[in-house]
There are 2 protein chains.
Amino acid sequence: MRPREFDHDDVLRIAFDQFWRKGVRGTSLSDIARDAGVQRGSLYNAFGSKEALFLQAYERYAGDYLVALQKALGAGSLRKRLTAFFDLTITNFRSGTPPRGCPTTRGLMELGAAEGEGLDEEARQAFANLVSRITALVQDALSAGAARGEFSGNSAAAALHIITVTRGLAVLERAFGDEAQLRKIAAHTIDLVLDKKGR
Amino acid sequence: MRPREFDHDDVLRIAFDQFWRKGVRGTSLSDIARDAGVQRGSLYNAFGSKEALFLQAYERYAGDYLVALQKALGAGSLRKRLTAFFDLTITNFRSGTPPRGCPTTRGLMELGAAEGEGLDEEARQAFANLVSRITALVQDALSAGAARGEFSGNSAAAALHIITVTRGLAVLERAFGDEAQLRKIAAHTIDLVLDKKGR
DNA sequence: CCACGTTCTTGACGCCGTGTCAAATACTCT
DNA sequence: AGAGTATTTGACACGGCGTCAAGAACGTGG
């Protein structure tokens, strides 16, 4: 067995950085290969295809991101948790220069041609999966808050509403790039969900 | 002057249909040319580039869509208006088989690499423009509703919130494709904005 | 009514991207 | 050391974008 001349994880990180900045279709394997100091063919040998490479790189990101969200949603009052959640969300897709946007949302709209269409189906699943997991996390926080009397309402519906807003923020970020506006919308949403200006 | 052998508007409609179904990067000028019964070179002669063609096709769509929204937001109680607005929004991106999603949102996430990046800047402007106009329409409806005592609150903030939700719905549509769920979120949002279950 | 000029059309080209393949290479294990 | 195996490498086919020069079709002025 001839050993690999590159580090599997390094390539994954380099690749995801490119995908994040330029989109999946906008990133060529040549770009990644150059950046990683690897021959293009080696990437095909190691990962199979561009989409497979993206998928692996995305899963890595998704795992890390979920852990960070879990942490943000796990401490303090419900209001504090939700604030930290929105904060992390916005910070995430305002990161980089220029800001890279939300990879999940970008991926969904770029690749999610439609249910059943091309082979992007697997990618769509991965995106949808992360969204589901985040929704569950938020819902847990809300349920816990309800038990402590910090929230009265349907946790499931409220969680879904919050997730919808975060996805919308990811879109508005691309449209306007005004971070302050995004944070205002986030604060407003928290107020709305937490039964008005209650603190 | 040799006359054109194809109808400018026909091509625009055919092109936008393709862009809508397969995304901008996922649609080739060869596809459009074949569909329209036109040589690829003729498209370059008439429109200049793929992006220019998309832009023209998109502007056409945006104009029509805005008129429809204006109509939906212009009659009945505030609740009825907002319901009609969400209804049209969801129906729009659930149209087609399979559903094509929201062209504006898809375009934004696909092309909006970032402010200042490639020449997609012009496209980003077009998308952002439509979002702004829709926001203004919703805000007008809310202001009018406030004057009639159907709504108490900040019209601007509420309009922005509603727009954010619609963008989020466009994303969730891609992720899950569950139309009933989208409609639930929409209804929930209306309740939230209109100060709880008040009718 | 015919020649001219202007515009549209057509086909070939260069470049880049994806994905495949066979040959060369570098290691491991016996 | 030698055989086997996985990786690397470079060439190839294919398709997409955009450009260009040559050909074709029409209006117009003589």
Side-chain angles (χ1 to χ4, degrees), chain A residues 1-12 14-58 106-107 110-113 117-123, chain B residues 1-12 14-58 106-107 110-113 117-123:
Chain A
M1 290 247 295
R2 179 176 178 174
R4 274 223 175 108
E5 293 182 0
F6 61 89
D7 184 83
H8 197 267
D9 274 19
D10 280 354
V11 170
L12 243 43
I14 290 170
F16 191 69
D17 178 65
Q18 301 261 349
F19 285 135
W20 198 350
R21 285 194 285 111
K22 303 185 294 191
V24 178
R25 288 207 165 103
T27 303
S28 76
L29 283 200
S30 308
D31 291 342
I32 296 171
R34 194 178 335 103
D35 238 55
V38 171
Q39 249 359 59
R40 207 165 51 87
S42 297
L43 295 180
Y44 278 99
N45 176 61
F47 300 98
S49 72
K50 183 178 170 178
E51 180 166 335
L53 168 57
F54 171 72
L55 236 66
Q56 285 197 39
Y58 179 75
R106 292 189 68 180
E110 185 181 354
L111 298 184
E117 188 38 49
L119 297 181
D120 305 322
E121 179 58 19
E122 212 168 344
Chain B
M1 291 246 296
R2 179 175 178 173
R4 246 184 215 141
E5 294 183 0
F6 60 88
D7 184 83
H8 198 266
D9 275 19
D10 281 354
V11 170
L12 242 44
I14 290 171
F16 191 70
D17 179 66
Q18 301 260 348
F19 285 135
W20 197 350
R21 285 194 285 112
K22 303 184 294 189
V24 177
R25 288 208 165 101
T27 303
S28 75
L29 282 201
S30 308
D31 291 343
I32 296 172
R34 195 179 331 102
D35 237 56
V38 171
Q39 244 8 51
R40 206 166 51 88
S42 297
L43 295 180
Y44 279 99
N45 176 61
F47 300 98
S49 72
K50 183 177 172 180
E51 181 167 336
L53 168 57
F54 171 71
L55 235 66
Q56 284 197 40
Y58 178 75
R106 291 189 68 182
E110 186 182 354
L111 298 184
E117 189 34 51
L119 297 180
D120 304 323
E121 179 59 19
E122 212 168 346

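Here is how names work: the chains are called A, B, and so on, in the same order as the sequence lines, proteins then strands, and each is numbered from 1. Since this is a predicted model, take the numbers as computed values, not measurements.
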Return the nearest nucleotide to the side chain of [X]; candidates are [options].
| X | options | result |
| --- | --- | --- |
| B/Arg4 | C/dC8, C/dT18, D/dC26 | C/dC8 |
| B/Arg40 | C/dT18, C/dT10, D/dC17 | D/dC17 |
| B/Lys50 | D/dA6, C/dG11, D/dG18 | D/dG18 |
| B/Tyr44 | C/dG19, D/dT19, C/dT9 | D/dT19 |
| A/Ser49 | C/dG19, D/dC26, C/dC8 | C/dG19 |

From [atom1] of [X] over to [atom2] of [N], roughly how many Å is that when rounded to an integer?
| X | N | atom1 | atom2 | result |
| --- | --- | --- | --- | --- |
| B/Arg25 | C/dC16 | CZ | P | 17 Å |
| A/Leu29 | D/dG10 | CG | P | 17 Å |
| B/Phe47 | C/dC8 | CZ | P | 11 Å |
| B/Ile32 | D/dC17 | CD1 | C1' | 12 Å |
| A/Arg2 | D/dA6 | CZ | C1' | 8 Å |
| A/Arg34 | C/dC16 | CZ | C1' | 12 Å |
| A/Asp7 | D/dT7 | CG | P | 14 Å |
| A/Phe6 | D/dT9 | CZ | C1' | 13 Å |

*Tell me whether the OP1 or OP2 atom of C/dG11 has a side-chain N or O from B/Gln39 closer than 4.0 Å.*
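Affirmative; the distance criterion is met.
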*When the nearest nucleotide of DNA chain C is assigned to B/Gly41 and to B/Met1 on a heavy-atom basis, which residue is associated with the more 5' position?*
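Looking at DNA chain C, the more 5' nearest nucleotide goes with B/Met1.
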*Please tell me which of B/Pro3 and B/Asp31 maps to the more 5' nucleotide of DNA chain D, matching each residue to the nucleotide holding its nearest heavy atom.*
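This one resolves to B/Asp31.
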*Between B/Ser30 and A/Ala46, just flag the one whose closest nucleotide in DNA chain D comes earlier from the 5' side.*
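Final value for this comparison: A/Ala46.
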Could you check if a side-chain atom of [X] sits within less than 4.5 angstrom of a side-chain atom of [Y], using non-hydrogen atoms only?
| X | Y | result |
| --- | --- | --- |
| B/Leu111 | B/Phe54 | yes |
| A/Val24 | A/Arg106 | no |
| B/Phe6 | B/Gln39 | no |

*Side-chain donor-acceptor pair under 3.5 Å between A/Ser28 and A/Asp31, yes or no?*
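A/Ser28 vs A/Asp31: donor-acceptor pair found between side chains.
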*Point-to-point distance, once rounded to the nearest 0.5 Å, from CZ of B/Phe19 to CG of B/Leu55*: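 It is 10.0 Å, given to the nearest 0.5 Å.
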*asked:* By the 4.0 Å heavy-atom rule, please label A/Ser42 as base, sugar-phosphate, or nothing.
replied: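 Result for A/Ser42 = base.
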